[in-house]
Student: 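Please find one structure pasted underneath; my questions will follow.
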Amino acid sequence: MDFFAEHGRDLPWREPTASPWAILVSEVMLQQTPVNRVLRVFGQWMARWPDPTSLAADTPADVIRIWGRLGYPRRALRLHAAATVITARHTGVVPDNVETLLLLPGIGEYTARAVAAFAFHRRTPVVDTNVRRVLSRVVRGVDEPREPATAADRAEMATLLPLEPAKAARFSAAVMELGALVCSARSPACGWCPLADRCRWRMAGSPPGQARRAVQTWHGTDRQVRGRIMAALRASDGPIPEVTVAQLSADTEQGLRCLASLLADGLAVRVDSVHIALPD
DNA sequence: GAGACGTGGGA
DNA sequence: TTCCCAAGTCT
């Protein structure tokens with residue numbers, strides 16, 4: 001926590017004045033997405049939609065455009081849906097407990113706890129990929145492949161939390177920051193690490209972990225084509241012809257398949273028999 | 001529980 | 001250039 005006080009980054013969602021809504025928005029944007037990329041969109045987003053009710057009042061099309069190139073645009077849609085639920089069922093107030101937060105679209109085990117801890121000082125273990133990696137190395141002495149945190153990870157973190165709730169939240173943020181800035185996945189800076197003298201992984205000679213299962217290759221995938229289609233929809237003021245969409249892949253069949261999946265996800269809608277647009 | 005889901009930067 | 005990774009969630 002001394003490390004965090006000295007080296008923690010000044011981020012807008014860490015300001016004492018940051019609202020629970022701002023913290024929730026930041027946590028969703030940060031899912032699988034680097035801080036530097038989130039910073040560019042976060043300010044614009046909060047200026048336009050300072051609370052859930054203002055977001056719920058706008059269209060998914062606006063939301064998807066502001067989301068821009070953050071990636072995983074379904075997150076934008078779910079954030080809009082979450083704002084709608086908060087407005088309709090919680091009088092526009094962000095829920096302050098894990099159980100209720102988990103019911104919101106796009107809010108899973110990590111994000112629910114992050115919001116509960118960072119926005120409301122609930123004493124709950126917050127375990128993201130950074131915390132998971134730090135615990136794995138420092139406590140268990142192994143470098144595990146990157147996977148979503150498990151209940152066992154949360155149970156382990158729970159045993160380490162300070163008793164005072166606000167301090168526990170700060171502790172979680174501190175471990176996350178250590179993982180992000182020092183105990184990184186590829187090139188950990190053990191020389192700077194405040195835990196170096198008690199790290200079981202370091203004491204064991206920093207053994208390499210088991211390789212992660214192969215990730216999907218990117219070139220020519222449906223994900224790439226979906227991304228192209230969404231980029232075309234965002235760039236256009238109005239509807240675009242379906243034939244244009246189909247040609248965004250060298251394989252017309254793939255183009256149509258991807259379009260169908262975007263329609264199924266609600267990221268695009270048909271406006272007539274031959275045109276596609278962002279959802280209203 | 002494996003697999004799908006965007007994007008771009010650093011090694 | 002290629003590979004891997006970045007505050008996960010949902011099906």
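Order of the sequence lines fixes the chain letters, A, B, ..., with proteins taken first and strands second; residue numbering starts at 1 for each chain.
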Student: Would you kindly confirm whether A:Ile23 and A:Leu30 end up in one hydrophobic cluster when ILVMFWY residues are joined by side chain heavy atoms under 4.5 Å apart?
Tutor: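 No, separate clusters.
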
Student: How many whole angstroms separate atom CD of A:Gln254 from atom P of B:dA4?
Tutor: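 Answer to the nearest Å: 13 Å.
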
Student: Return the value, rounded to whole Å, for the distance between atom CG of A:Leu79 and atom P of C:dC10.
Tutor: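 It works out to 12 Å between those atoms.
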
Student: Take the protein atom CD of A:Glu109 and the nucleotide atom P of C:dA7, then report the distance between them rounded to whole Å.
Tutor: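 Result: 19 Å.
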
Student: With P as the reference atom in both, quote the distance from C:dA7 to B:dA11 in angstrom, rounded to an integer.
Tutor: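 To the nearest whole Å, 15 Å.
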
Student: Starting from the 5' end of DNA chain B, give me the residue, A:Arg40 or A:Gln31, whose nearest nucleotide shows up first.
Tutor: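 The answer here is A:Gln31.
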
Student: Students often get this wrong, so: under 4.0 angstrom with heavy atoms, is A:Ala114 touching a base, only sugar-phosphate, or nothing?
Tutor: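 Nothing, no heavy atom under 4.0 Å.
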
Student: So, OP1 or OP2 of B:dT7: does either fall under 4.0 Å of a side-chain N or O from A:Arg234?
Tutor: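 Yes.
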
Student: Base, sugar-phosphate, or nothing: which does A:Ile107 touch, judged by heavy atoms less than 4.0 Å apart?
Tutor: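 Since only primed, P, OP1 and OP2 atoms lie under 4.0 Å of A:Ile107, the category is sugar-phosphate.
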
Student: Are the side chains of A:Leu70 and A:Trp45 in contact, using a 4.5 Å heavy-atom criterion?
Tutor: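 No. Closest side-chain heavy atoms not under 4.5 Å.
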
Student: Roughly, in whole Å, what's the span from CD1 in A:Ile64 to P in B:dC5?
Tutor: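 My rounded result for the distance is 16 Å.
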
Student: Below 4.0 angstrom, which residues in residues 12-29 of chain A have at least one non-hydrogen atom near DNA chain C?
Tutor: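 Residues of residues 12-29 of chain A that come under 4.0 Å of DNA chain C are, in numerical order, A:Trp13, A:Arg14, A:Glu27.
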
Student: For A:Gly108, report the nucleic acid contact type (base, sugar-phosphate, nothing); a contact means any heavy atom under 4.0 Å.
Tutor: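 Sugar-phosphate, backbone atoms only, no base.
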
Student: Between A:Pro34 and A:Thr111, who's closer to the 5' end of DNA chain C by nearest nucleotide?
Tutor: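 The answer here is A:Pro34.
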
Student: Any side-chain heavy atom of A:Val274 sitting closer than 4.5 Å to one from A:Pro241?
Tutor: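 No, side chains not in contact.
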
Student: Within this structure, what is the OH-to-P distance between A:Tyr72 and C:dT11, rounded to whole angstrom?
Tutor: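 That distance rounds to 15 Å.
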
Student: Between A:Phe3 and A:His7, what is the ring plane arrangement, given parallel below 30°, perpendicular above 60°, and tilted in between?
Tutor: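 Ring orientation of A:Phe3 relative to A:His7: tilted.
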
Student: What integer number of Å spans the P atoms of B:dG6 and C:dT11?
Tutor: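 Approximately 14 Å lies between the P atom of B:dG6 and that of C:dT11.
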
Student: Less than 4.0 angstrom between a side-chain N/O of A:Arg133 and OP1 or OP2 of C:dA6, yes or no?
Tutor: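 A:Arg133 to C:dA6 OP1/OP2: side-chain N or O found under 4.0 Å.
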
Student: Over all strands shown, is A:Arg37 touching base, sugar-phosphate only, or nothing at heavy-atom distances under 4.0 angstrom?
Tutor: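 Here A:Arg37 touches the bases of the nucleic acid.
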
Student: Counting any heavy atom closer than 4.0 Å, what does A:Gln224 reach on the DNA or RNA strands: base, sugar-phosphate only, or nothing?
Tutor: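 Contact class for A:Gln224: none.
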
Student: Rounded to whole angstrom units, what separation is found between the NE2 atom of A:His80 and the P atom of C:dT9?
Tutor: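 To the nearest whole Å, that distance equals 21 Å.
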
Student: How many Å lie between CG on A:Leu70 and C1' on B:dG8, as a whole number?
Tutor: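 So the two atoms are 11 Å apart, to the nearest Å.
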
Student: Got a donor-acceptor pair under 3.5 Å from the side chain of A:Arg186 to the base of C:dC5?
Tutor: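 Side chain to base: no pair below 3.5 Å.
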
Student: Are side-chain N/O atoms of A:Arg75 and A:Thr33 paired as donor and acceptor at under 3.5 Å?
Tutor: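 Yes - a donor-acceptor pair under 3.5 Å links their side chains.
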
Student: I'd like to know if A:Thr33 reaches the base of B:dG6 with its side chain, counting only an N/O donor and acceptor under 3.5 Å.
Tutor: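 Yes.
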
Student: What's the CG-C1' distance between A:Asp153 and C:dA7, to the nearest Å?
Tutor: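 In whole Å, C:dA7 C1' lies 15 Å from A:Asp153 CG.
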
Student: Would you check if A:Trp201 and A:Arg133 make a side-chain contact, meaning some heavy-atom pair closer than 4.5 Å?
Tutor: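 The answer is no; the side chains never approach within 4.5 Å.
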
Student: Is it the case that more than 12 heavy atoms not belonging to A:Arg257 sit under 6.0 Å from its CZ atom?
Tutor: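 Yes, because the 6.0 Å sphere around CZ of A:Arg257 holds more than 12 heavy atoms from other groups.
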
Student: Compare side-chain N and O positions of A:Gln32 against OP1 and OP2 of C:dG8 and report whether any pair is under 4.0 Å apart.
Tutor: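 Affirmative; the distance criterion is met.
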
Student: Describe the nucleic acid contact of A:Arg69 in one word from base, sugar-phosphate, nothing, applying a heavy-atom distance below 4.0 Å.
Tutor: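 Sugar-phosphate, no base atom in range.
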
Student: Just to confirm, is there a sub-4.0 Å distance from OP1 or OP2 of C:dA6 to any side-chain nitrogen or oxygen of A:Arg146?
Tutor: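 Yes, A:Arg146 has a side-chain N/O under 4.0 Å of OP1/OP2 on C:dA6.
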
Student: Quick check: do A:Leu161 and A:Phe171 have side-chain heavy atoms less than 4.5 Å from each other?
Tutor: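 A side-chain contact exists here, since the closest heavy-atom pair is under 4.5 Å.
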
Student: Measuring only the C1' atom in each nucleotide, how far is C:dA6 from B:dC5? A whole number of Å is fine.
Tutor: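 Approximately 14 Å lies between the C1' atom of C:dA6 and that of B:dC5.
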
Student: Hey, which of A:Val131, A:Thr129, A:Val126 is the one that makes side chain to side chain contact (heavy atoms under 4.5 Å, CB included) with A:Tyr110?
Tutor: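 Testing A:Tyr110 for a side chain to side chain contact (heavy atoms under 4.5 Å, CB included) against A:Val131, A:Thr129, A:Val126 leaves exactly one candidate, A:Val126.
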
